[in-house]
Amino acid sequence: MDVTLHLAQDPEADELLGRSPLAALVGMLLDQQVPMEWAFKGPRTIADRLGADDLDAHGIAARDPEAFTALLSEKPAVHRYPGSMAKRIQQLCQYLVEHYGGEASAVWDGVPTGTELLGRLEELPGFGKQKAQIFLALLGKQLGVRPQGWREAAGAYGEAKSFRSVADITGPESLVKVRAHKQEMKAAAKAAKAAKG
């Protein structure tokens with residue numbers, strides 16, 4: 001992996017996401033209940049606070065949980081919920097150490113089908129089906145990981161020329177389109193709920 005991503009809209013943060021499979025996974029994990037850019041800037045902030053050039057699954061998994069929570073809680077906090085996210089990141093890293101030798105890329109390297117890859121992503125702590133599909137779409141659309149049937153396995157997120165998720169963000173213009181799509185979806189869900197009530 002060595003591509004230029006534009007998810008954090010911050011050159012240093014995006015550079016790390018583009019070369020570090022673990023940083024990309026951690027950014028995806030953080031992408032909930034905060035703006036996308038904040039979530040995807042998180043891995044760079046964590047690496048900086050650890051005094052490292054990259055994230056290391058073994059190192060993070062082995063850290064004292066209270067110390068790791070404190071690291072994420074420093075101002076500015078890495079996430080709106082730094083305590084719960086510190087725990088989730090450590091759980092993810094522990095899982096990667098136990099199942100993939102600590103190598104995040106081993107989750108997808110050489111996986112023959114999109115269905116199998118989706119299953120592997122869904123097994124990761126903190127990754128439900130939707131998050132797994134979005135990450136699968138990101139792998140296929142921007143990171144060159146395209147097992148057979150990846151678009152189908154990613155569902156609507158795998159569609160070409162769509163602006164549904166972080167998988168479709170390649171710069172400021174596409175970020176605006178993805179934001180607009182998310183707002184439309186929220187408005188539609190709110191209207192549907194109101195119609196039922």
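The analysis underlying the following values was restricted to heavy atoms, covering all of them including side chains, and did not include hydrogens, waters or symmetry mates.
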Once rounded to the nearest 0.5 Å, what's the spacing between atom OH of Tyr157 and atom NZ of Lys131?
10.5 Å
Quick one, Met85 and Ser73 - any side-chain contact, counting heavy atoms below 4.5 Å?
no
Intermediate values then yes/no, side-chain contact (heavy atoms from CB on, under 4.5 Å), Lys190 and Lys186
CA-CA 6 Å; Lys190 195 175 181 181; Lys186 276 185 185 171; over 6 Å; no
Between Ile60 and Val26, is there a side-chain heavy-atom distance shorter than 4.5 Å?
no
Please assess Ile89 against Leu72 for the test side-chain contact (heavy atoms from CB on, under 4.5 Å), listing each intermediate value before the final yes or no.
CA-CA 10 Å; Ile89 292 168; Leu72 267 69; 3.8 Å; yes
Ignoring hydrogens, what is the shortest heavy-atom contact between Ala8 and Asp14? Give both atom names and the distance.
N-OD1, 2.7 Å
Specify the closest pair of heavy atoms between Gly114 and Leu136, including all atoms of both residues, with the distance to one decimal.
O-CD2, 3.9 Å
Within the 4.5 Å heavy-atom criterion, are Leu96 and Val107 side-chain neighbours or not?
yes
Distance-only, no hydrogens or angles: does the Thr45 side chain make a donor-acceptor pair with backbone N or O of Lys41 under 3.5 Å?
yes
Keeping Asp31 on the side-chain end and Gly27 on the backbone end, is there a donor-acceptor pair under 3.5 Å?
no
Could you give the distance from NE2 (His181) to OG (Ser162), rounded to the nearest 0.5 Å?
8.0 Å
Do Arg49 and Glu74 sit within salt-bridge range, that is, some charged N less than 4.0 Å from a carboxylate O?
yes
Which distance, rounded to the nearest 0.5 Å, do you find between the CD of Glu116 and the CG of Leu121?
11.0 Å
Any sub-3.5 Å donor-acceptor pair from Gln142's side-chain atoms to Ile169's backbone N or O?
yes
Decide side-chain contact (heavy atoms from CB on, under 4.5 Å) for Gln9 and Leu175; before the verdict, give the C-alpha distance in whole Å, the side-chain angles of both, and the deciding distance to 0.1 Å.
CA-CA 9 Å; Gln9 303 289 306; Leu175 173 63; 3.8 Å; yes
Please check if the side chain of Glu37 supplies one atom and the backbone of Leu7 the other of a donor-acceptor pair under 3.5 Å.
no
Can you check whether Phe68's main-chain N or O pairs, donor with acceptor, with Arg63's side chain at less than 3.5 Å?
no
CD1 of Ile46 to CG of Asp54, rounded to nearest 0.5 Å, is 11.5 Å
Does Ser84 reach the main-chain N or O of Tyr81 with its side chain, forming a donor-acceptor pair under 3.5 Å?
yes
Determine, using the 4.5 Å side-chain heavy-atom cutoff (strictly less than), whether Leu139 and Phe163 are members of one ILVMFWY cluster.
yes
Please step through side-chain contact (heavy atoms from CB on, under 4.5 Å) for the pair Leu55 and Leu25, ending with a clear verdict.
CA-CA 11 Å; Leu55 299 181; Leu25 270 180; over 6 Å; no
Mind checking ring-ring contact (aromatic ring centres under 6.0 Å, His included) for Phe40 and listing every partner two or more places apart, or none if nothing turns up?
none
Output yes when a side-chain donor or acceptor of Arg88 lies under 3.5 Å from a complementary backbone atom of Gly126, and no otherwise.
no
Minimal non-hydrogen separation, Ala132 against Glu122, with atom names
CB-CG, 3.6 Å
How would you list, by chain and number, every residue that makes a ring-ring contact (aromatic ring centres under 6.0 Å, His included) with His99, sequence neighbours excluded?
Tyr95
Charged N to carboxylate O below 4.0 Å: is that the case for Asp53 and Arg19?
yes
Only one of Met36, Arg164, Glu173 clears side-chain contact (heavy atoms from CB on, under 4.5 Å) with Val178; which?
Met36
Are the side chain of Arg80 and the backbone of Val34 linked by a donor-acceptor contact shorter than 3.5 Å?
no
Atom SG in Cys93, atom CG in Leu22: separation rounded to 0.5 Å?
5.0 Å
Which atom of Leu17 lies closest to which atom of Pro43, heavy atoms considered
CD2-CG, 4.0 Å
Worked check of ring-ring contact (aromatic ring centres under 6.0 Å, His included) between Phe135 and Trp108
CA-CA 11 Å; Phe135 194 78; Trp108 53 82; 5.6 Å; yes
Does a side-chain N-to-carboxylate-O contact under 4.0 Å join Lys141 and Asp168?
yes
Mind checking side chain to side chain contact (heavy atoms under 4.5 Å, CB included) for Val97 and listing every partner two or more places apart, or none if nothing turns up?
Ala57, His58, Ala61
Between Lys87 and Pro65, is there a side-chain heavy-atom distance shorter than 4.5 Å?
no
Calculate, to the nearest 0.5 Å, the distance between atoms CD and CG belonging to Glu15 and Leu5 respectively.
10.0 Å
For Leu30, is there any backbone N or O sitting under 3.5 Å from a side-chain donor or acceptor partner on His79?
yes
Which atom pair, heavy atoms only, marks the closest approach of Met28 to Val166?
SD-CG2, 4.1 Å
